[in-house]
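Atoms within each ligand, like the ligands themselves, are counted from 1 in listed order. In this chain, numbering begins with 1 at the start of the sequence shown.
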Amino acid sequence: MSKVLIVYGSSTGNTQSIAEKVGEQIRAAGHEVDVKDAADVSPKNLMEGYDAGLFGCSAWGEEDLEMQDDFLPLFEAFDQVGLSGHKVAAFASGDQSYPHFCGAVDAIESLAKELGATVITEGLKMEGDANANPDAVASFAQDVIKNL
Ligand SMILES: Cc1cc2nc3c(=O)[nH]c(=O)nc-3n(C[C@H](O)[C@H](O)[C@H](O)COP(=O)(O)O)c2cc1C
């Protein structure tokens with residue numbers, strides 16, 4: 001059994017719904033899962049006691065990538081989270097009409113790798129909430145579970 005932390009930044013609830021659904025599925029596979037809003041966490045040693053961290057964040061920029069407001073402070077202090085040696089995956093809800101579709105996923109993966117984490121599966125990028133594409137959500141959760 002692994003202990004998994006899921007942290008999301010979500011303004012209209014779409015990424016939050018993905019976080020909750022993925023959390024349910026990982027829990028159903030027998031793992032211990034905490035799902036937290038980025039607004040409620042503090043970066044320092046956030047990963048302590050966890051084997052894996054899943055990070056979800058929507059994007060709000062027009063030309064440039066802008067991370068969701070609650071997630072930004074966490075992302076800016078990602079080096080304090082204690083990611084080194086941990087398993088990480090990223091997810092987001094976004095809109096394909098923007099230049100950086102679910103751009104936070106790439107930003108999280110890239111920085112997590114730089115900080116010594118292992119990205120265990122391709123990030124989930126989708127439009128709408130978890131109900132908009134349950135198959136994509138389930139497939140992402142299964143990939144995570146396989147690699148825990
Ligand atoms: C001003 C504005 C900028 C946005 N920028 C992006 C973007 O850069 N990339 C993207 O994929 N979606 C972008 N979106 C779409 C939202 O990220 C999308 O609606 C998402 O589902 C919101 O997720 P949340 O409810 O978890 O915050 C933008 C939306 C607005 C209104």
Does Lys125 have more than 12 heavy atoms from other residues, nucleotides or ligands lying within 6.0 Å of its NZ?
yes
Any residue meeting side-chain hydrogen bond (donor to acceptor under 3.5 Å, both in side chains) with Asp51, in chain and number order, not counting sequence neighbours:
none
Could you give the distance from CD (Gln16) to CD (Glu20), rounded to the nearest 0.5 Å?
4.5 Å
Under a 4.0 Å N-O cut-off, is there an ion pair linking Lys21 with Glu24?
yes
Listing by chain and number, which residues have a heavy atom under 4.0 Å from ligand 1?
Ser10, Ser11, Thr12, Gly13, Asn14, Thr15, Ser58, Ala59, Trp60, Gly61, Glu62, Ser93, Gly94, Asp95, Tyr98, His100, Phe101, Cys102
Count I, L, V, M, F, W, Y as connected when their side-chain heavy atoms are under 4.5 Å apart, and connections chain through other members. Are Val35 and Phe140 then in the same cluster?
yes
Separation of Glu122 CD from Asp143 CG (nearest 0.5 Å):
8.5 Å
